[in-house]
**Student:** 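Take this structure first; my questions come after.
If you read the sequence from its start, that first residue is 1, and numbering goes on from there.
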Amino acid sequence: MTHGVLDCFYRLRDLVVPDECGACGDKPPPGRPLCRPCAETLVELRPVSRVVAAARVHAVGEYRGVLRSCLLQFKEKGRRDLAEPLARLMANRVGDPNAPSGPTVLIPVPSTRRAVRNRGFDHLHELTSRLARLMGGTVWSSALTMLPRRDSVGLSRVRRQRLARETLRPVPRRVRAVRAALAVGAVVNVMLVDDIVTTGATLEAAYALLNREGVGVTGVITAASAGSDPDLMMTS
């Protein structure tokens, strides 16, 4: 084999069976996406709760350290094998005594089509589908969509809120299905799913939009919280 062909082979192999820890880069146990120290660090994270638009946000931990590294590798570097451990941590967070219980529908906060194309996959759809399976008695629906929009990095909270309101849209037939499930009691909770909550502007817009559509949001489950307002945050 030529050097170029070998390089391509190893790249493809690493996509299927990554040989590096998804957080620190060390060699993990065979078939595992994380080395033991990083996996243990994630399990021991102190959960974080905050309130956004009257909905309780249940986060695995603060957006830093090992959790931040995992999310960046999953979201921006295509480490899809990290979806399972992240979803498992989120499922455990929802399973705490303070979280809603009963039949649940999960609705992921949408990404733009351009973001999905750039990443090569829809990271929140993947995370939400795994989370629904792990939670049991839970389904998920892509009931929201996002119009093309500029990146919100660097924008103020007010401008993020306006941008989210202008670009978030319901998917009518899916919203109707969720509303019907709520009406007959097949679903008692509706939870938004996000990977990282920062200012909460997009969540506020999603919460308001779904409420206008007759779908009351019970809470939010996220991998990490990066909120900057100490008055909105409290550890639990």
Side-chain angles (χ1 to χ4, degrees), residues 4 7-25 33-34 38 42 57 59-60 62-87 89-90 106-133 140-157 159-171 174 192-206 209 220-228:
D7 182 63
C8 182
F9 168 77
Y10 288 126
R11 286 176 180 271
L12 287 171
R13 183 202 64 182
D14 289 343
L15 284 173
V16 178
V17 187
D19 199 31
E20 294 182 351
C21 170
C24 70
L34 296 166
C38 288
L42 288 176
V57 178
V60 171
E62 294 182 1
Y63 184 58
R64 63 187 183 191
V66 173
L67 183 57
R68 179 178 183 275
S69 297
C70 285
L71 283 167
L72 287 173
Q73 287 292 316
F74 169 59
K75 184 176 179 178
E76 307 299 345
K77 303 297 182 181
R79 282 294 301 265
R80 298 173 72 164
D81 58 326
L82 292 170
E84 185 73 16
L86 288 169
L89 289 165
M90 293 167 71
L106 304 175
I107 299 179
V109 173
S111 301
T112 63
R113 290 182 180 178
R114 183 177 66 177
V116 172
R117 284 198 306 271
N118 290 342
R119 293 186 181 116
F121 74 117
D122 194 317
H123 73 293
L124 271 171
H125 279 194
E126 186 145 340
L127 197 60
T128 306
S129 64
R130 290 174 185 264
L131 179 58
R133 176 175 55 80
W140 72 282
S141 172
S142 50
L144 297 175
T145 189
M146 184 80 75
L147 299 177
R149 55 181 279 182
R150 60 171 295 189
D151 198 326
S152 61
V153 174
L155 296 181
S156 68
R157 179 182 175 82
R159 293 181 69 187
R160 282 175 180 245
Q161 288 174 322
R162 183 167 63 247
L163 182 64
R165 287 195 301 267
E166 291 172 349
T167 55
L168 267 177
R169 294 289 185 275
V171 179
R174 293 173 182 162
L192 289 166
V193 180
D194 208 349
D195 54 349
I196 307 161
V197 177
T198 51
T199 66
T202 302
L203 285 177
E204 287 183 358
L209 176 57
V220 180
I221 176 65
T222 180
S225 173
S228 57

**Student:** If we ignore hydrogens and angles and just use 3.5 Å, is the side chain of R169 paired with the main-chain N or O of E166 as donor and acceptor?
**Tutor:**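 Checking the backbone N and O of E166 against the side chain of R169, a donor-acceptor pair under 3.5 Å is found.
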
**Student:** What heavy-atom pair brings F121 and E126 nearest, and what distance separates the two atoms?
**Tutor:**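 Heavy-atom minimum between the residues: CD1-OE1, 3.6 Å.
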
**Student:** When rounded to the nearest 0.5 angstrom, what is the spacing between CZ in R64 and CG in L71?
**Tutor:**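 So the CZ of R64 and the CG of L71 are separated by 14.0 Å.
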
**Student:** Can you name the closest pair of heavy atoms from T128 and L106 and give their distance?
**Tutor:**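 Nearest heavy atoms, T128 then L106: CG2-CB, 3.7 Å.
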
**Student:** Looking at CG of L124 and CD1 of I107, how far apart are the two atoms once the value is rounded to the nearest 0.5 Å?
**Tutor:**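 Those atoms lie 13.0 Å apart.
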
**Student:** How close do G22 and Q73 get, counting heavy atoms only, and between which atoms?
**Tutor:**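 Looking at all heavy atoms of both residues, the shortest contact is O-CG, 3.1 Å.
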
**Student:** With rounding to the nearest 0.5 angstrom, report the CG to CZ distance, D195 to F74.
**Tutor:**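 Reported value, rounded in 0.5 Å steps: 8.0 Å.
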
**Student:** Could you pull out the closest heavy-atom pair between R174 and S141, with the gap in Å?
**Tutor:**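 The pair with the smallest heavy-atom distance is CB-OG, 3.7 Å.
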
**Student:** Atom CG of L209 and atom CD of E204: how far apart are they, to the nearest 0.5 Å?
**Tutor:**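 The distance works out to 13.5 Å.
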
**Student:** Please answer whether the main-chain N or O of M146 pairs with a side-chain N or O of T112 as donor and acceptor at a distance below 3.5 Å.
**Tutor:**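 Checking the backbone N and O of M146 against the side chain of T112, no donor-acceptor pair under 3.5 Å is found.
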
**Student:** So do V116 and H125 actually touch side chain to side chain, heavy atoms under 4.5 Å?
**Tutor:**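 A side-chain contact under 4.5 Å is absent here.
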
**Student:** Does CZ in R133 sit with more than 12 non-hydrogen atoms of other residues, nucleotides or ligands closer than 6.0 Å?
**Tutor:**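 Yes, the 6.0 Å shell around CZ holds more than 12 heavy atoms from other groups.
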
**Student:** Looking only at non-hydrogen atoms, find the nearest pair between A164 and A205 and report the distance.
**Tutor:**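 Closest pair (atom of A164, atom of A205, distance): CB-CB, 3.6 Å.
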
**Student:** Atom CZ of residue position R119 - does it have more than 12 heavy atoms of other residues, nucleotides or ligands inside 6.0 Å?
**Tutor:**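 Yes - once you tally the heavy atoms of other residues, nucleotides and ligands closer than 6.0 Å, there are more than 12.
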
**Student:** So does E62 get a backbone contact from the side chain of S225, meaning a donor-acceptor N/O pair under 3.5 Å?
**Tutor:**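 Not a single qualifying donor-acceptor pair exists.
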
**Student:** For T145 and P110, which heavy atoms make the closest approach, and how far apart are they?
**Tutor:**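 In this case the closest contact between T145 and P110 is C-CG, 3.6 Å.
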
**Student:** Working to the nearest 0.5 angstrom, can you tell me the gap between C70 SG and R79 CZ?
**Tutor:**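 These two atoms lie 8.5 Å from each other.
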
**Student:** Output the distance between atom CG (L86) and atom CG (L131), rounded to the nearest 0.5 Å.
**Tutor:**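 Here the rounded value is 10.5 Å.
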
**Student:** Can L192 and L144 be said to form a side chain to side chain contact (heavy atoms under 4.5 Å, CB included), step by step?
**Tutor:** CA-CA 10 Å; L192 289 166; L144 297 175; 4.3 Å; yes

